[in-house]
*Asks:* 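First, the structure itself, so that you have it in front of you.
First listed ligand is number 1; within each ligand, the first listed atom is number 1. Everything numeric here is computed off the predicted structure, so don't read it as measured data.
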Amino acid sequence: MSETNASLTEINFDGIVGPSHNYAGLSLGNIASASHKGDPSYPRAAALQGVAKMRGNLDRLGVQGFLLPLPRPNNSLADALAYDGTEPAGLRAAPWSASSMWTANAATVSPAPDTADGKCHLTPANLVTMLHRAQEWPDTKRMLEVAFGDRDHFTVHDIAPMTFGDEGAANHMRFCEGHGSAGVEVFVYGRPGGRFPARQHEQASRLVARRHGLDPARCVFIEQNPAAIEAGAFHNDVVAVANERVLFTHAEAFADQASAYEAIRAVFPALEIVEVPSDIVTIEEAIRTYLFNAQLVTQPDGTMALIVPEECRESASVWAYCEGMLAGNGPIKHVIPVDVRQSMANGGGPACLRLRVVCDPRSVDPRFMLDDAKADLLEQTIAAHYPEQIDPADIGSETLARTVVTARKQLLAALGITQLG
Ligand code: SUG
């Protein structure tokens with residue numbers, strides 16, 4: 001294996017939940033989104049849950065970043081949709097979506113040890129499959145260019161051409177001996193034609209790998225199991241997660257499970273697979289509880305922890321599996337439940353809420369790095385300015401628009417970020 005660059009660390013950049021967080025049922029194929037459609041949402045609680053998760057990870061890992069909510073309502077999208085009252089409600093809700101909180105879909109990231117020019121490459125995701133998500137990339141790209149503006153260390157690319165759906169890091173896994181050493185990057189794509197859209201296209205994954213300057217011999221392209229997509233795994237990160245040598249996966253994640261393992265092992269022989277069998281946790285229960293939409297992290301003492309949603313603890317089969325796993329001799333030594341229920345109700349677990357970037361923390365714009373004082377500041381600003389509740393009928397209201405715009409402005413002002421107003 002290549003040498004390790006000790007200055008490189010994995011940083012989780014969590015999306016701060018935006019003040020317009022709501023349940024509009026916009027994501028076909030995402031069961032939580034569909035089943036919570038029309039429920040009242042609680043943006044203040046949602047954002048505070050997110051900050052609490054970040055605080056926990058800051059304590060645990062010593063480093064934590066964040067990305068900001070995007071400007072909402074998006075008036076230019078609203079104008080483009082030419083409302084006259086005949087449009088479906090989903091079209092009215094799209095410009096209000098706070099979906100950029102799920103930063104696992106913000107971009108695909110290839111860290112410096114994997115790339116030909118030794119820089120960290122980021123390609124913002126075009127998210128073309130869903131209208132409410134397709135509006136994100138221009139603002140996301142601008143933000144990535146600020147947060148990762150140091151051109152000696154980072155290259156932020158254009159999005160993939162819109163013909164090819166790209167949903168970013170949610171369909172990308174990286175295997176390595178340690179985060180600072182050269183990795184093997186695994187891209188998981190869906191084949192279209194099923195009941196639900198396959199949101200990650202193979203050619204998007206392949207062009208991202210080429211433009212990031214990855215060694216083709218250290219890239220693996222794997223098809224997602226169409227049955228998993230049918231069951232509601234609209235991204236690979238709903239059924240599998242990787243960290244260093246470890247792949248934690250459901251037995252039905254990939255179209256051909258054995259060949260997928262073989263293909264990764266062929267280029268990364270140290271691979272350790274923790275496979276959860278279907279007769280222990282069904283794919284439906286895995287998707288309902290988001291056991292795999294977990295953050296699998298290496299703690300400073302070298303042990304691995306799995307940060308799962310609280311919903312896992314409430315499921316008899318999932319929790320029994322976790323307890324059995326901890327009693328065994330596997331690589332995952334801790335399972336830590338966190339409360340992100342407001343995000344979960346829209347299909348976003350702990351892993352959806354973060355974008356992993358392996359880099360030298362000193363190369364990141366410090367305004368996007370969390371410390372305790374900034375966590376306090378975020379909490380105060382959220383508590384003072386975020387709406388407590390949004391009912392479906394509030395979407396489109398002038399009063400709510402003013403509240404949402406002001407809350408975001410206050411957040412940016414508190415953090416001293418002026419470029420993204
Ligand atoms: O794109 N939900 C998001 C959830 C994204 C989860 N991300 C990862 N798995 N990485 C989505 O489907 C629901 C919005 C609504 O219905 O109002 C939504 O967009």
*Asks:* With a 4.0 Å cut-off on heavy atoms, does Lys37 reach ligand 1?
*Replies:*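 The answer is no, since Lys37 has no heavy atom less than 4.0 Å from ligand 1.
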*Asks:* Using the side chain to side chain contact (heavy atoms under 4.5 Å, CB included) rule, pick out the option among Leu355, Val358, Leu144 that qualifies with Val109.
*Replies:*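 When Leu355, Val358, Leu144 are each tested with Val109, the side chain to side chain contact (heavy atoms under 4.5 Å, CB included) holds only for Leu355.
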*Asks:* To check your reading of the model: name the closest protein heavy atom to atom 15 (C) of ligand 1, its residue, and the distance in Å.
*Replies:*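 Protein heavy atom with the smallest distance to atom 15 (C) of ligand 1: Asn346 OD1, 3.3 Å.
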*Asks:* Is there at least one pair of N or O atoms, one from Tyr23 and one from ligand 1, spaced under 3.5 Å apart?
*Replies:*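 N/O-N/O distance under 3.5 Å: no.
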*Asks:* Which ligand 1 atoms does Asn22 reach within 4.0 Å, using its non-hydrogen atoms?
*Replies:*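 Counting atoms of ligand 1 from 1, those under 4.0 Å from Asn22 are 17 (O).
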*Asks:* Between the side chain of Ser278 and the main-chain N/O of Glu252, is any donor-acceptor distance below 3.5 Å?
*Replies:*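 No; zero donor-acceptor contacts below 3.5 Å.
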*Asks:* Among Asn105, Asp237, Asp39, which one puts a heavy atom closest to atom 9 (N) of ligand 1?
*Replies:*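 The nearest heavy atom belongs to Asp237.
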*Asks:* Looking at ligand 1, would Ser97 count as a contact under a 4.0 Å heavy-atom criterion?
*Replies:*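 No, Ser97 has no heavy atom closer than 4.0 Å to ligand 1.
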*Asks:* Could you work out, for atom 5 (C) of ligand 1, the closest of Arg133, Arg354, Glu167 by heavy-atom distance?
*Replies:*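 That would be Arg133.
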*Asks:* Below 4.0 angstrom from a heavy atom of Gly347, which ligand 1 atoms are there? Numbered from 1 as shown, please.
*Replies:*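 Near Gly347, the atoms of ligand 1 are 4 (C), 6 (C).
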*Asks:* Suppose I only count heavy atoms of Ala170 and a 4.0 Å limit; which atoms of ligand 1 are within that range?
*Replies:*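 In order of number, 10 (N).
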*Asks:* So, 4.0 Å and heavy atoms of Leu127: is ligand 1 close enough to count as a contact?
*Replies:*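 No; Leu127 lies far enough from ligand 1 that no heavy-atom distance drops under 4.0 Å.
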*Asks:* Not counting sequence neighbours, which residues clear side chain to side chain contact (heavy atoms under 4.5 Å, CB included) with Arg55? List them please.
*Replies:*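 By the side chain to side chain contact (heavy atoms under 4.5 Å, CB included) rule, Arg55 matches Asp372, Ala375, Asp376, Glu379.
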*Asks:* Assess Arg92 against Tyr83: is NZ or CZ under 6.0 Å from the centre of the six-membered ring, and within 45 degrees of the ring's axis?
*Replies:*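 No; the conditions do not both hold, so Arg92 does not lie above the ring face of Tyr83.
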*Asks:* Taking only heavy atoms of Cys352, which atoms of ligand 1 are found under 4.0 Å from at least one of them?
*Replies:*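 Near Cys352, meaning under 4.0 Å from one of its heavy atoms, ligand 1 has 6 (C), 7 (N), 8 (C), 9 (N), 10 (N).
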*Asks:* Under 4.5 Å between any side-chain heavy atoms of Leu68 and Phe368, yes or no?
*Replies:*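 With C-beta onward as the side chain, the pair touches.
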*Asks:* Out of all atoms in ligand 1, which are within 4.0 Å of some heavy atom of Ala104? Include the element for each.
*Replies:*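 Numbered from 1, ligand 1 contributes 10 (N).
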*Asks:* If you measure every N/O of Ser33 against every N/O of ligand 1, is any gap under 3.5 Å?
*Replies:*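 The answer is yes, given that Ser33 and ligand 1 share an N or O pair closer than 3.5 Å.
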*Asks:* For ligand 1, is there an N or O atom under 3.5 Å from any N or O atom of Leu26?
*Replies:*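 The answer is yes, given that Leu26 and ligand 1 share an N or O pair closer than 3.5 Å.
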*Asks:* Do Val338 and Glu310 have side chains that approach each other closer than 4.5 Å (heavy atoms only, starting at C-beta)?
*Replies:*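 They are not in side-chain contact.
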*Asks:* Regarding ligand 1, does Ser27 bring an N or O atom to under 3.5 Å of one of the ligand's N or O atoms?
*Replies:*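 Between Ser27 and ligand 1 (N or O atoms, distance only) the closest approach is under 3.5 Å.
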*Asks:* Just need the protein heavy atom nearest to atom 1 (O) of ligand 1, so name the residue and atom and give the distance.
*Replies:*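 For atom 1 (O) of ligand 1, the nearest protein heavy atom comes out as Arg199 NH2, 2.6 Å.
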*Asks:* Is it the case that more than 12 heavy atoms not belonging to Lys333 sit under 6.0 Å from its NZ atom?
*Replies:*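 Counting neighbours around NZ of Lys333, more than 12 heavy atoms of other residues, nucleotides or ligands fall under 6.0 Å, so yes.
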*Asks:* Measure across Gly348 and Asn293 and return the closest heavy-atom pair with its distance rounded to 0.1 Å.
*Replies:*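 Closest heavy-atom pair between Gly348 and Asn293: C-OD1, 4.4 Å.
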*Asks:* Within a strict 4.5 Å, meaning less than it, do heavy atoms of the Val308 and Tyr290 side chains meet?
*Replies:*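 In short, these two side chains do not touch, never coming nearer than 4.5 Å.
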*Asks:* Decide whether an N or O pair under 3.5 Å exists between His235 and ligand 1.
*Replies:*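 Right, the criterion is met.
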*Asks:* Going by distance only, is there an N or O of Ala24 that falls short of 3.5 Å from an N or O of ligand 1?
*Replies:*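 Looking only at distances, the answer is yes, because the N/O contact criterion of under 3.5 Å is met.
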*Asks:* Taking Gln419 as the fixed residue, which of Glu145, Arg142, Arg367 is the one that meets the side chain to side chain donor-acceptor pair (under 3.5 Å) rule?
*Replies:*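 Of Glu145, Arg142, Arg367, side chain to side chain donor-acceptor pair (under 3.5 Å) with Gln419 is met by Arg367 alone.
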*Asks:* Examine distances only and state if a side-chain atom of Asp39 and a backbone atom of Ser41 form a donor-acceptor pair shorter than 3.5 Å.
*Replies:*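 Absent.
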*Asks:* May I ask you to check whether His250 and Phe248 place their ring centers less than 6.0 Å from one another?
*Replies:*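 They do not qualify: ring centres at least 6.0 Å apart.
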*Asks:* Distance under 4.0 Å to a non-hydrogen atom of His132: what atoms of ligand 1 satisfy this?
*Replies:*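 Matching atoms, with element in brackets: 14 (C), 18 (C), 19 (O).
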*Asks:* Counting only nitrogen or oxygen atoms and a 3.5 angstrom limit, does Gly25 reach ligand 1?
*Replies:*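 The answer is yes, given that Gly25 and ligand 1 share an N or O pair closer than 3.5 Å.
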